[in-house]
Amino acid sequence: MRPRHNILLLMCAVALLAGCRHDDVIFIPEQVSVTQPEYTDIEGFYLLNEANMNSNKCTLDYYDYRTGVYMRNIYASANPDVPMELGDVGNDIAIYGSRLYAVINCSNKVEVMDARTTRRIGQVDIPNCRYIKFHKGFAYVTSYAGEVIIDPNYEQTGYVAKVDTATLQVVARCEVGFQPDGIEISEGKIFVANSGGYMVPNYENTISVIDLETFREEERIPIAKNLHRLIQDKRGILWISARGDYYTEQSDIYAYDIRKHRLVKRMDCRVSNWCMDGDSLYVISAEWSEITQRYDVSMTLINTVTMDVVNNSLIDPDTAKKIVMPYGIAVNPETKDIYVTDARDYYNPGRLFAFDRDGNFLWRVTTGDIPAHIVFLGKNLNEN
């Protein structure tokens with residue numbers, strides 16, 4: 001994940017490069033056969049490519065297990081009548097019921113599609129939207145609310161939007177901290193990671209706790225600087241990632257016991273992105289340091305029962321060396337195959353690497369720009 005205080009510099013760089021960019025691939029819808037068909041209850045997965053801010057190049061790919069075919073830029077093919085396609089910066093993706101939801105950050109919308117055809121159903125207008133979760137017919141979306149600007153005295157707090165999934169209307173808002181990112185729902189509460197990412201060096205350090213029934217903020221729990229992601233395990237432990245300050249405070253993972261209302265462990269583990277499967281938390285990191293002026297790359301497996309790091313090498317070392325900038329990660333809940341995306345230089349098309357459950361290389365394919373977020377499609381998945 002790129003440091004938040006580099007956003008404006010990144011925007012300028014994109015503008016300068018727009019006239020002289022030499023893409024590896026002319027990006028058009030296409031299909032590539034990558035492996036043999038595979039038949040389980042999981043039919044395939046969608047990959048949302050973020051693309052750079054102001055490039056309007058967010059795209060959607062799909063891998064079909066039943067044909068072994070990877071399809072690029074399928075939204076454009078399914079929706080030729082949508083002039084701007086998906087929009088600017090894809091920040092999250094999820095399936096709820098029969099619909100696919102893509103959170104498009106700088107286009108200020110949640111794009112809603114049919115989960116099997118990706119035909120556009122509509123959109124929910126939410127400014128500077130970030131992440132999405134669902135509960136009993138409603139979608140809950142974090143929003144920075146204000147414009148993209150780096151300012152230590154930023155005054156616009158963020159909020160969580162409550163969206164009726166039947167009408168696609170925002171029915172309520174709950175104000176939280178500055179620049180809220182990750183969101184999780186558990187034990188009748190909504191947990192929100194406040195980052196303060198635009199307020200360098202005055203980052204936020206709290207989690208907002210919202211009562212689900214009243215939709216009011218009850219408290220803020222201090223954790224660490226620049227919070228990012230949240231994910232809950234089956235024992236009521238909320239796993240929290242923090243980006244740090246890119247100088248002396250590194251990113252890290254924290255375990256918070258929701259039922260006992262206390263922080264139980266700091267992992268001392270670098271993190272940019274993650275996914276959870278069973279009792280395993282798969283963690284990747286490409287962490288920028290303003291001191292060394294470079295990225296440090298790592299991949300880690302955490303046992304959520306013992307709260308220990310059990311493996312510092314998720315995939316085979318030879319292939320790991322070929323991944324320039326690990327950016328997204330997902331695990332097939334049935335086969336346990338591991339997928340790691342590579343953002344490479346952040347400007348040209350990225351890559352998706354597939355591994356078996358033991359980390360042995362299976363295949364790789366070219367994706368859109370900055371491949372980031374994966375959601376699986378199949379029976380009994382994402383229905384709650």
Say whether Y154 and Q179, considering side chains only, have a donor N or O and an acceptor N or O under 3.5 Å apart. no
Do S195 side-chain atoms and D181 backbone N/O form a donor-acceptor pair below 3.5 Å? no
Any salt bridge linking K322 with D342? Criterion: basic side-chain nitrogen under 4.0 Å from a carboxylate oxygen. no
Backbone N or O of R344 within a donor-acceptor pair of the R351 side chain at under 3.5 Å? no
Should I104 and C58 count as side-chain neighbours, where that means a heavy-atom distance under 4.5 Å? yes
Give a yes or no on whether M307 and L263 share a hydrophobic cluster (residues Ile, Leu, Val, Met, Phe, Trp, Tyr; joining criterion: side-chain heavy atoms under 4.5 Å apart). no
Given side chains that start at C-beta, do those of V209 and F191 come closer than 4.5 Å, heavy atoms only? yes
On a heavy-atom basis, which atom in T118 and which in A78 lie closest, and how many Å separate them? OG1-CB, 3.3 Å
Is any side-chain heavy atom of M267 closer than 4.5 Å to a side-chain heavy atom of K265? yes
OG1-CG distance between T319 and N360, expressed to the nearest 0.5 angstrom: 8.5 Å
Between atom CG of N332 and atom CD1 of I42, what is the distance when rounded to the nearest 0.5 Å? 4.0 Å
Quick one: do L238 and S186 satisfy side chain to side chain contact (heavy atoms under 4.5 Å, CB included)? Show the steps, please. CA-CA 9 Å; L238 184 67; S186 178; over 6 Å; no
Do the non-hydrogen side-chain atoms of V297 and I323 ever get within less than 4.5 Å of each other? no
Can you find a heavy atom in the side chain of T35 that is under 4.5 Å from one in the side chain of L362? no
Closest approach of F215 to C174 (non-hydrogen atoms, all atoms of both residues): CE2-N, 3.5 Å
Connected via hydrophobic side-chain network under 4.5 Å: V283 and M276: yes
Is it true that a side-chain atom of Y96 and a backbone atom of G137 form a donor plus acceptor pair closer than 3.5 Å? yes
Here the gap from L281 atom CG to S241 atom OG, rounded to the nearest 0.5 Å, amounts to 9.5 Å
Does the E287 side chain pair with the main chain of Q250, one donor and one acceptor, at a distance under 3.5 Å? no
Measure the spacing between CG of N73 and CG of D61 and express it to the nearest 0.5 Å. 7.0 Å
Would you tell me whether N52 and D369 have side-chain atoms, one donor and one acceptor, within less than 3.5 Å of each other? no
More than 12 heavy atoms of other residues, nucleotides or ligands under 6.0 Å from CZ of R216: yes or no? no
Strictly distance-based, threshold 3.5 Å: is any side-chain N or O of N49 a donor or acceptor partner for the main-chain N or O of A51? no
Geometric class of the Y65/Y63 ring pair [parallel <30°, tilted 30-60°, perpendicular >60°]: perpendicular
Spacing of I74 atom CD1 and L60 atom CG [to the nearest 0.5 Å]: 4.5 Å
So L100 and I93, side chain to side chain contact (heavy atoms under 4.5 Å, CB included) or not? Walk me through it. CA-CA 7 Å; L100 177 67; I93 190 168; 3.7 Å; yes
Residue among V110, D125, V112 satisfying side chain to side chain contact (heavy atoms under 4.5 Å, CB included) with L168: V112
Inspect the surroundings of CD in E155 and state if more than 12 heavy atoms from other residues, nucleotides or ligands are less than 6.0 Å away. no
Apply side chain to side chain donor-acceptor pair (under 3.5 Å) to the pair D277 and S280, showing each step before the final yes or no. CA-CA 5 Å; D277 181 73; S280 297; over 6 Å; no
In the single-linkage hydrophobic clustering (I, L, V, M, F, W, Y; side-chain heavy atoms under 4.5 Å), do V309 and L301 co-cluster? no
Which residue is it: N128, N91, D92? I am looking for the one with a side chain to side chain donor-acceptor pair (under 3.5 Å) to N105. N128
Check D257 with R235, please: is the shortest side-chain N to carboxylate O separation under 4.0 Å? no
Atom CD1 of I315 and atom CD1 of I329: how far apart are they, to the nearest 0.5 Å? 8.0 Å
Give a yes or no answer on whether the side chain of S143 reaches the backbone of Y159 with a donor-acceptor pair at less than 3.5 Å. no
For the residue pair Y131 and H228, does the interplanar ring angle fall in the parallel (under 30°), tilted (30 to 60°) or perpendicular (over 60°) class? perpendicular
Same cluster or not: V331 versus F361, using hydrophobic residues (I, L, V, M, F, W, Y) connected whenever any side-chain heavy atoms lie under 4.5 Å apart? yes
Mind checking whether F45 and Y339 have ring centres under 6.0 Å apart? yes
State, with a plain yes or no, whether a side-chain heavy atom of T366 is found less than 4.5 Å away from one of Y70. no
Main chain of T300, side chain of N312: is a donor-acceptor contact present, judged purely on distance under 3.5 Å? no
Give a yes or no on whether the backbone of V176 and the side-chain of R220 come within a donor-acceptor separation of less than 3.5 Å. yes
Over all atoms of both residues, closest heavy-atom pair of Y327 and P371: CD2-O, 3.4 Å
With a distance cut-off below 6.0 Å to the six-membered ring centre and an angular limit of 45° from the axis, does K225 pair with Y203 as a cation-pi contact? no
Taking side chain as C-beta onward, heavy atoms only, is R72 less than 4.5 Å from V365? yes
Sidechain-backbone polar pair: E204 side chain, F178 backbone, donor-acceptor under 3.5 Å: yes
Tell me which one of R119, E111, E85 satisfies side chain to side chain donor-acceptor pair (under 3.5 Å) with Y75. E111
Apply side chain to side chain contact (heavy atoms under 4.5 Å, CB included) to the pair I207 and Y256, showing each step before the final yes or no. CA-CA 11 Å; I207 288 178; Y256 180 84; 5.9 Å; no
Same cluster for M113 and V375 if Ile/Leu/Val/Met/Phe/Trp/Tyr side chains link at under 4.5 Å? yes
Decide yes or no on side chain to side chain contact (heavy atoms under 4.5 Å, CB included) for L352 and W363, but give the supporting numbers first. CA-CA 8 Å; L352 171 67; W363 50 266; 4.0 Å; yes
Check ion pair D268-R270 (N to O, under 4.0 angstrom): yes
Please examine the side chains of L212 and K136, heavy atoms only from C-beta on, and report whether any two atoms are closer than 4.5 Å. no
Sidechain N-carboxylate O distance under 4.0 Å for D114, R99: no
Main-chain N/O of D88 paired to S107 side chain as donor or acceptor, under 3.5 Å: yes
Tell me if the centroids of the rings in F134 and Y101 come within less than 6.0 Å of each other. yes
